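Small disclaimer: the values here were computed from a predicted structure and weren't measured. The sequence lines fix the lettering, A, B, ..., with proteins before strands; numbering per chain opens at 1.
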Amino acid sequence: MENNLAKNYSPKEFEDRLYKAWEESGAFHAEIDKTKKPFTILMPPPNITGQLHMGHALDQTLQDALTRYKRMQGFCTLWLPGTDHASIATEVKVVDKLKKETGLGKEDIGREAFLERAWAWKEEFGGRIKNQVRKMGSSCDWERERFTMDEGCSNAVKKHFINLYNKGLIYRGNRLINWCPVCGSALSDIEVEHVDKQGKYWYFRYPGVDGGEGITVATSRPETMFADTAIAVNPSDERYKDMVGKKVILPLVGREIPIIADEYPDPEKGTGAVKITPSADPNDFEVGQRHNLDKPVAIDEHAKMTAICGKYQGMDRYECRKAWVADLDAAGYLVKTEDMTIPTGECYRCHNVVEPRISDQWFVKMKPLAEPAIETVRKGECAFVPERFDKTYFHWMEDIKDWCISRQLWWGHRIPAYYCEECGEMIVAEDTPAVCPKCGCTHFKQDEDALDTWFSSALWPFSTLGWPKDTEELKYFYPTSVLVTGYDIIFFWVARMVFSSMEVMGEKPFDHVLIHGLVRDAQGRKMSKSLGNGIDPLEMIDVYGADALRFMLLFGNAPGNDMRFSTEKIEAARNFANKLWNASRFVIMNLKEEDGSFKPMATAETAKLAAEDKWMFSVINDAIGDITSNMDKFELGLAEAKIYELIWNYFCDWYIELTKSRLYNGDEETKMSVRYSLVTCLKNLLKLLHPFMPFITEEIWSFLPADEGAAKFLMLESWPEYKAEKLFADDVAAIETAIGIIKAIRNIRSKAEAAPSKKLHAVILADAGYKASALAAEDHIKTQANVSEVSYIDSKDQVPGEAMSDAMPGVEIYVPLDDLMDYKAEYERLLSEKKRLEGEVSRIEGKLSNQGFVAKAPEKIVNAEREKLVGYKDQLEKTLARIPVVEAKLK
RNA sequence: GGGCGGUUAGCUCAGCUGGUUAGAGCGCCUCCGUCACAUGGAGGAGGCCGUAGGUUCGAGUCCUAUACCGCCCACCA
């Protein structure tokens with residue numbers, strides 16, 4: 001190993017190496033340990049279709065940060081990874097590939113051969129995404145990795161299906177469902193996306209059978225007319241009262257259809273009369289049920305016109321629409337057209353327009369399942385973070401419709417229902433039945449359909465832990481601790497896991513649901529393939545490192561809110577890593593001999609700590625408290641901002657600088673103490689940062705001297721402990737004073753435009769309470785502000801005549817600058833200072849003269865205000881005294 | 001038509017249960033190649049916290065309206 005870190009932070013040099021070392025050592029593996037409390041996260045299984053995108057990267061980062069944090073806190077931490085077979089999405093891809101390679105469709109090669117290809121796809125792409133997850137540094141337990149179609153998960157699906165069926169919660173029905181003609185499958189309601197499209201209303205006249213005027217109705221889908229079975233009007237609608245019960249003629253088709261009265265039509269809308277097409281519209285379907293109407297079908301599963309459409313048979317629905325409207329118009333039935341925005345349903349996978357279609361499908365009866373699922377969230381057993389998402393959840397759950405779970409696909413869990421080939425009897429069972437209980441024959445055919453992919457992912461919280469077997473894992477790790485996912489899949493997945501878990505396990509699947517937003521592009525647009533604005537996390541890792549990407553994704557983001565990706569942000573994160581890298585390099589440089597061995601170092605017992613050491617310890621301790629509390633509240637963005645500030649603005653900007661004089665000029669004993677202090681601080685910082693930036697922290701850690709009994713890796717070390725009692729109050733005050741004075745002198749220097757190399761003379765006037773601190777600050781003032789001499793004075797009479805000044809609470813700082821003095825700048829500064837202080841004084845005086853405030857506000861706050869007032873008044877007085885002096889110099 | 005979120009510095013965003021002079025990153029201005037780091041250091045400018053009311057001793061934070069922007073849900077011919 002090298003002696004020290006390389007000069008530049010270069011994550012490629014170590015990220016992959018460290019991941020491999022972690023994984024091979026078994027550090028990610030969670031073995032049941034009943035002496036510890038479990039902490040469990042189940043990874044939302046990425047689809048095997050794609051590759052890692054920014055949304056995954058964010059999701060992974062959140063989970064890994066939580067996992068690493070809890071692991072360091074001593075929990076038995078399981079982060080269980082896996083992938084999803086993604087039934088419909090994968091099938092589409094495999095069909096495309098097949099078409100491209102052989103020109104054949106899936107029907108041509110048959111189910112068996114097709115599934116073989118699908119599994120091959122799974123091997124290839126499932127493997128790819130897993131390696132991408134590794135690139136992120138995710139510390140998940142690969143030994144427990146699962147796949148939604150592996151044997152265990154498949155058993156769970158079957159078992160669950162059968163249980164629900166036996167309880168009457170799964171049923172088969174002939175109903176109107178959403179049908180995607182391109183995917184060739186049924187879809188559930190939430191798989192249909194609603195978009196408004198520019199379209200038209202066409203008003204057509206349906207002439208009366210009696211030769212009368214008939215009735216005019218509007219439609220946005222004229223091609224469905226072939227399947228019309230009635231015209232409905234509201235019974236209260238006076239206009240049509242006399243026409244109810246009469247018949248009209250379907251124009252050009254010639255079929256007679258009745259005019260019926262139903263509550264459904266709204267007299268205010270359109271013409272008040274609605275054409276009823278039970279096979280093409282959910283409302284019409286229900287009207288049809290109520291009135292016992294036939295359900296002829298005009299559009300087939302490929303969105304082509306059926307035989308009932310006469311000469312239009314075989315035409316595409318839109319092609320037909322055009323021709324049909326033209327024909328009706330020519331025949332004089334088109335009354336008028338209107339431009340209109342039409343709400344349209346699209347398939348969430350392929351974005352083609354969905355056509356409602358009547359068919360035999362399987363459904364889950366939702367009401368009974370939803371109730372306990374609503375209850376557990378309402379009781380707070382299962383809590384959304386941030387809380388507002390429970391409204392989204394309730395809204396959906398409380399108004400839930402039955403779930404269509406059958407898909408006309410091959411890739412997925414095949415429905416465990418068997419039909420007797422003789423009598424058609426249906427048997428739901430795990431395996432093919434031997435004998436038909438009804439007719440005694442032995443030939444069965446399994447249901448052709450597969451299950452909705454979300455049916456299996458709904459079981460993820462327990463199927464991955466062994467259910468239906470009563471495993472130790474299930475007893476120990478269930479219910480899981482946190483589910484981390486985006487708000488876009490609350491309905492698809494989160495809600496379904498909750499109701500499935502309540503049904504199967506009788507208990508909520510997770511304590512918390514941490515919801516994150518979308519990662520958008522720099523302009524705030526959703527990243528999408530069609531826009532081509534997606535940013536590949538792997539490319540970012542390649543350029544900036546996984547740590548920088550991870551850090552950037554959490555920085556300054558509140559849970560549930562969308563964020564924008566920008567290279568500026570990731571650069572900032574990388575720069576931060578570089579900063580830490582170099583600060584660590586400085587520490588290590590001072591720890592090691594030429595030959596790489598460690599120089600002697602003090603211990604906790606022997607170290608003689610200076611004020612700055614104690615100050616840094618104290619600052620770190622406070623940060624430990626804050627960061628821990630942020631982590632526990634899932635405020636990872638805030639925790640990260642604090643560690644950033646701690647490392648950069650405290651450790652690098654001040655502490656390291658403050659140690660240098662002792663490090664360079666101190667005797668050996670002093671140096672030994674400084675080394676101890678630097679290492680101790682750095683180690684704590686690395687621990688605090690590790691959940692966010694695992695690689696760089698682990699790499700730096702490996703260069704530091706190991707404590708006795710240390711874990712093999714930083715990732716296995718324990719989280720720093722917060723000590724509630726305030727330590728080192730005097731030393732902390734001294735360093736804070738020193739920092740204040742140093743800043744004041746630098747400020748004066750800058751205002752005066754004095755050269756940085758120019759040695760200055762500082763004159764300090766400290767109030768009694770600050771005197772000791774100010775005296776203790778002398779060395780630091782000299783080294784940090786390039787001051788050659790510090791004088792302490794007791795009253796402002798002793799202020800050297802020509803000086804610029806600045807002040808901090810309790811301390812005034814004067815710098816005589818005989819020739820470099822910029823009196824004009826000083827004068828202006830004094831004036832603005834005067835204005836500021838006057839403002840403060842009057843603000844606080846106003847507050848204090850307010851009887852309400854004095855009477856009602858807590859005494860602590862009132863006193864604090866009084867003290868501030870004294871301080872400000874004092875400063876103001878000093879400033880006022882100084883103004884004429886400087887003014888005189890101006891002339 | 002319901003519901004939710006946003007509106008804070010030039011840009012992107014934090015700001016927990018109301019309480020020091022409202023913060024960060026980037027950008028901007030001035031100065032600095034020095035021995036951890038120019039992927040850097042020092043100093044600085046910049047905000048009536050969308051608008052109007054209200055509650056309170058005290059409001060970016062709570063309430064009520066309102067205006068824009070965005071998202072989700074919904075069977076409107």
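- Taking the C1' atom of each, B:rC29 and B:rA9 are spaced 15 Å apart, rounded to whole Å.
- Between A:Asp262 and A:Arg290 a salt bridge is recorded (basic side-chain N to carboxylate O distance below 4.0 Å).
- The base of B:rU12 is not paired with the side chain of A:Arg564 by any donor and acceptor separated by under 3.5 Å.
- Rounded to the nearest Å, the gap between the P atom of B:rG44 and that of B:rG23 is 14 Å.
- Counting atom types as modelled, A:Lys569 pairs no side-chain N or O with a base atom of B:rC26 as donor and acceptor under 3.5 Å.
- Taking 4.0 angstrom as the limit, A:Lys579 places a side-chain polar atom (N or O) nearer than this to OP1 or OP2 of B:rG41.
- Taking 4.0 angstrom as the limit, A:Lys526 places none of its side-chain polar atoms (N or O) nearer than this to OP1 or OP2 of B:rG70.
- One finds no side-chain N or O of A:Trp396 lying less than 4.0 angstrom from the OP1 or OP2 phosphate oxygen of B:rC4.
- A:Ser842 and A:Glu845 form no side-chain donor-acceptor contact under 3.5 Å, judged by distance and modelled atom types alone.
- At a cut-off of 3.5 angstrom, counting only N and O atoms as typed in the model, there is a donor on one side and an acceptor on the other between the side-chain of A:Glu657 and the base of B:rA36.
- Using a 4.0 Å cut-off between charged side-chain N and carboxylate O, A:Glu355 and A:Arg221 make a salt bridge.
- Of the charged side-chain nitrogens involved, none lies within less than 4.0 Å of a carboxylate oxygen, so that A:Asp547 and A:Arg574 do not count as a salt-bridged pair.
- Nucleic acid contact for A:Tyr872: base, since at least one base atom lies under 4.0 Å from a heavy atom of the residue.
- Picking from B:rA77, B:rG25, B:rG19 the nucleotide with the shortest atom distance to the side chain of A:Val274 gives B:rA77.
- Nucleic acid contact class of A:Pro858 (heavy atoms, under 4.0 Å, all strands): base.
- Contact annotation for A:Ala641: no contact, since no heavy-atom pair falls under 4.0 Å across all strands.
- Going from the P atom of B:rG25 to that of B:rC62 covers 26 Å, rounded to whole Å.
- Comparing B:rU20 with B:rA59, their C1' atoms are spaced 16 Å from each other, to the whole Å.
- Contact annotation: A:His194 side-chain N/O to B:rA74 OP1/OP2 distance is under 4.0 Å.
- Rounded to whole Å, the P atom of B:rA52 lies 13 Å from the corresponding atom of B:rG60.
- Checking the phosphate oxygens (OP1, OP2) of B:rG44, a side-chain nitrogen or oxygen of A:Asn747 falls inside 4.0 Å.
- Contact annotation: A:Tyr201 side-chain N/O to B:rA77 OP1/OP2 distance is under 4.0 Å.
- Taking only side-chain nitrogens and oxygens, A:Asn8 never comes nearer than 4.0 Å to OP1 or OP2 of B:rA36.
- As rounded to the nearest Å, B:rC11 and B:rG46 have C1' atoms that lie 13 Å from one another.
- Look at the P atom in both B:rC35 and B:rG41: the space between them is 14 Å, to the nearest Å.
- Remark: A:Asn575 is in phosphate contact with B:rG40, judged by side-chain N or O atoms under 4.0 Å from OP1 or OP2.
- Closest approach to the A:Leu638 side chain among B:rA77, B:rG15, B:rG25 is made by B:rG15 (side chain taken as heavy atoms from C-beta onward).
- A salt bridge links A:Arg520 to A:Asp562: one of the charged nitrogens lies within less than 4.0 Å of a carboxylate oxygen.
- Remark: the separation of the C1' atoms in B:rU61 and B:rC69 is 22 Å, to the nearest Å.
- Contact annotation: A:Tyr644 does not reach the phosphate of B:rG23 (side-chain N/O to OP1 or OP2, under 4.0 Å).
- Across all strands shown, A:Asp562 has no heavy atoms under 4.0 Å from either base or sugar-phosphate atoms.
- Heavy atoms of A:Gly270 sit under 4.0 angstrom from at least one base atom.
- A:Phe586 and A:Tyr664 have perpendicular rings, their planes meeting at more than 60° on a 0 to 90° scale where under 30° would count as parallel.
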